[in-house]
Amino acid sequence: MKEIFQPNPAFAQHARIGSMEAYHSLMNKAKDDYEGFWAEYADEKIEWLSPYNKVLDESNAPFYQWFTDGKLNVSNQCIDRHLADKGDKTAILFEGDRGDVEKITYRDLSQRVNQFANLLKNKFGIKKGDRVVLYMPMIPEAAYAMLACARIGAIHSIVFGGFSSEALRDRIEDATAKLIITADGAYRKGKPYLLKPVVDEALQNPVESVEAVLVVKRNNEEIHWEEGRDHDYNALIGDESDECAFEPMDSEDPLFLLYTSGSTGKPKGVQHSTAGYILWAQMTMEWVFDVQGDDVFWCTADIGWITGHTYIVYGPLAAGTTTVMFEGVPTYPDAGRAWKMVEEHKISQFYTAPTAIRVLHKMGEDEPAKYDLSSLKVLGTVGEPIDPPAWIWYHEAVGGGKCAIVDTWWQTETGGHMISPLPGATPIKPACATYPLPGIMAEIIDKDGNPKEVGETGLLCITKPWPSMIRTIWGDPQRYEKSYFGDAVKDGKPVYFSGDGANMDEEGYITITGRMDDVINVSGHRMGTAEIEAVVNEDTYVAEVAVVGRPHDIKGESIFIYIVLKGDPEKDMKKHINSLLAEYIGNIAKADDIVVVPGLPKTRSGKIMRRILRSIAKGEAITQDTSTLEDPAVVAQIEEAVKNA
Ligand code: PRX
């Protein structure tokens, strides 16, 4: 049995949910009257411009609708409604890579977002429903751009700055974006780097829908300028008024698209809604991080991922808290950078990925002790499983043994946290996501909806729709239905399957066991093996390819590629394949291992037995039955090739 860490009583006393009794009572309320439960929070948290008619409309399942016909605006939720009592409070605390700090109050934020919104409308003719792609570094203008889109009803689609020009172009085309917002570049590890050239390359052959590129100047490095297409944000923004009325948006109007990888095909444009998304972003900030008063909240994610959307921008600002935005990396100039920032800014909640914790632990085990970290109240992890040694170091060395660690399980598609400890209530078992949040009906079942026994791994499903859930895949509703509602049925109704496996112990604690599909998780970044295979397959010398994940000490998983060659490439295939992956997807898709093998283990019907490939990559003995393989001898040959690689 795992050791249990009880909530800190001093913290629990003031926490919004301060005991397991309080948790169970909320959960029971949701079970007894699901719509009533959500309506209560929607009424309390959202400033409705006109009221909704129905809490949950299930008539067109699985295309669920929440708070139908209600009108609201997310930038009002995040800014305007706070101005009366929080105008002078810091909304965004920005720290640049080189240590430059800017404190942007809610009033400043209001002015800048209004100006930005006016610029989008007046200069670029952006209207409600238009798509705007952001390819931005971690600078405040990225948040202004998101909120400006929300203000006028444009749909933003942020592409992570680590993606290549090809990946960017695909996403621009899929969303038929009208405008691209980018920056010349930014700073990383003390040096300027460039982003704009990637946009130039993506648009080398013009994309029909793209009318303009708006460029924020961050490092003033020399960049190519396409007259007529490119526009200088810094030169234009001063002409715009800092007043801009917000657009009343329908609850179900899309707020943003965010592309993510699936087990098949090209990335999916996950579409999020307005009301349900912002409601849960705020509620989880309040429950899971329990932000209060003058708390300073720091989520280290990049705004290019869902964690950055929900827990750098939308959640913290909707909750009226101070959110930290950091341009740099936590290991520069040394492994004490993050802890120095915690001390200097008196950060109260710190939220990061297990990969970062492992790196900080390895590079600077004793660094936290050099700083005053007494401001910390809650620590969080996200994106991948955390291993107990990293958890214990985080708890002891960083949290001084007094902070709860919330191991938050969720996904791009869920919009916000789904399974997580509550810092003032849940007795925590290390490296365990613990219980579903109140209102979230998470169950571990088989594909027919039968619950799994204690300790047995099953499909982690959410058996009731929830407000911040994905609404559809942009432009491909059938794929939405098939990807998420095609695998499991409960009481005759298709239910949302996350793609993850999980099990539950005798006390109902949920442990995530990892993806059950062909998605791998590298440093908390989701990569579709099919996407990587599609790129490698394009090479003239590759006859066949199979990609699997291999456990990695720091990254959680690393990419392992098996290739079967045709012809003699007469070049270093590892270097070559990795340069293709960097070009077509981005550096994050580079493989640690690329092994040339004589063949792949296939069944007689031609299906690649990936389980065998995963075992070989891990260095495990093959225990699976190989008699059904077309050529069982290939297994030993692959093992030999891996050994000699
Ligand atoms: O496999 C799960 C893993 O990350 C996947 C979702 O990835 P993405 O959509 O990129 O969102 C990441 C940030 C929310 C999940 O299907 N995952 C996420 N959180 C955890 C996790 N695995 C284990 N423990 C977690 N806390």
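The figures here come from the full heavy-atom set of this structure, side chains too, leaving out hydrogens, waters and symmetry mates. Ligands are counted one by one from 1 in listed order, and the atoms in each one are counted from 1 as well.
The contact set between ligand 1 and Thr412, taken as ligand atoms under 4.0 Å from a residue heavy atom, comprises 8 (P), 9 (O), 10 (O), 11 (O). The Val382 neighbourhood of ligand 1 comprises atoms 13 (C), 14 (C), with distances under 4.0 Å to a heavy atom of that residue. Every atom of ligand 1 is numbered from 1 in the order shown, and the set under 4.0 Å from a heavy atom of Asn521 is 3 (C), 4 (O). Set against the non-hydrogen atoms of Asp407, the atoms of ligand 1 under 4.0 Å away are 24 (N), 25 (C), 26 (N). Residue-ligand proximity, Trp410 to ligand 1, at heavy-atom distances under 4.0 Å covers atoms 6 (C), 14 (C), 15 (C), 18 (C), 19 (N). Every atom of ligand 1 with a heavy atom of Arg526 under 4.0 Å away is listed here by number and element: 6 (C), 7 (O), 8 (P), 9 (O), 10 (O).
One option in Glu384, Met527, Glu413, Met516 has a heavy atom closer to atom 21 (C) of ligand 1 than any other, and that option is Glu384. Among Gly383, Gly524, Gly501, Ala353, the residue whose heavy atom lies closest to atom 4 (O) of ligand 1 is Gly383.
Residue contacts with ligand 1: Thr307 is placed with no nitrogen or oxygen under 3.5 Å of a nitrogen or oxygen of the ligand (distance criterion only). The shortest N or O to N or O distance between Asp500 and ligand 1 is under 3.5 Å. Between Gln411 and ligand 1, at least one N/O pair is under 3.5 Å apart.
Exactly one of Trp305, Trp298, Phe297, Trp410 qualifies for a ring pair (Phe, Tyr, Trp, His ring centres under 6.0 Å) with Tyr311. That residue is Trp410. Checking each of Trp280, Tyr277, Tyr496 against Trp466 for a ring pair (Phe, Tyr, Trp, His ring centres under 6.0 Å) leaves exactly one that passes, namely Tyr496. Tested against Trp287, the residues Tyr23, Tyr435, Tyr41 include a single ring pair (Phe, Tyr, Trp, His ring centres under 6.0 Å) partner, Tyr41.
Ring orientation note: the planes of Phe256 and His272 are tilted relative to one another, at an angle of 30° to 60°. The aromatic rings of Phe5 and His395 stand perpendicular to each other, their planes meeting at an angle above 60°, with 30° marking the opposite boundary.
Side chain to side chain, Thr355 and Glu384 meet the donor-acceptor criterion of an N or O pair below 3.5 Å.
Applying the salt bridge (Lys or Arg N to Asp or Glu O under 4.0 Å) test to pairs two or more places apart or on separate chains, those with a residue in residues 160-174 are Arg169-Glu173, Asp174-Lys266.
Salt bridge Glu557/Arg515: absent, no basic N to carboxylate O contact under 4.0 Å.
Look at Pro385 and you'll find a heavy atom under 4.0 Å from some atom of ligand 1.
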